[in-house]
Visitor: 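I'd like to ask you about the structure that follows.
Keep in mind that the numbers below use all heavy atoms, side chains included, and drop hydrogens, waters and symmetry copies. Sequential numbering from 1 along the given sequence is applied to the chain's residues.
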Amino acid sequence: MKVAVVGAGISGLISAYELAKSGVEVVVYEKENYLGGYAKTVYTVDGIDLDLGFMILDRDSPTQQTSLLNRSPSSSETPCFCRTPSST
């Protein structure tokens, strides 16, 4: 079997790696000249490395993160880090 993975961000790279480990022939297509997608290192004028990554910040994030961290899920509960539509 041959599989094409579009995008060499972290999800694409992990998908390609897992498929290749299981014996699938994988080709990764990326439009940029680097791997990693939004996760990358940029360099400042002073030569200090600055790592960037993909983040979603919105007005609900701190509340949702705090509520997830403060509760103890049951052993049968699967964690879900999804955002539900706001009622406002």
Visitor: Cut-off 3.5 Å, no hydrogens considered: what does the side-chain donor-acceptor table look like for residues 2-19, sequence neighbours left out?
Guide:
from  : atom 1 : to    : atom 2 : distance (Å)
Ser15 : OG     : Ser11 : O      : 2.8

Visitor: Please answer: with hydrophobic residues joined when any side-chain heavy atoms are less than 4.5 Å apart, are Tyr38 and Val28 in the same cluster?
Guide: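 As far as the 4.5 Å side-chain criterion goes, Val28 and Tyr38 are not connected within one cluster.
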
Visitor: Measure from the side-chain N and O atoms of Glu30 to the backbone N and O of Glu32, and report whether any donor-acceptor pair falls under 3.5 Å.
Guide: yes

Visitor: Under a single-linkage definition using a 4.5 Å side-chain heavy-atom cutoff for Ile, Leu, Val, Met, Phe, Trp and Tyr, are Met1 and Val27 assigned to the same hydrophobic cluster?
Guide: no

Visitor: Going by the rule side-chain hydrogen bond (donor to acceptor under 3.5 Å, both in side chains), which residues pair with Tyr29 if we only count those two or more places apart in sequence or in a different chain?
Guide: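 side-chain hydrogen bond (donor to acceptor under 3.5 Å, both in side chains) check on Tyr29 returns nothing, list empty.
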
Visitor: List in chain and number order the residues that pass side chain to side chain contact (heavy atoms under 4.5 Å, CB included) with Asp49, two or more places apart in sequence or in another chain; answer none if no residue qualifies.
Guide: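 Here the qualifying residues are Thr41, Tyr43.
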
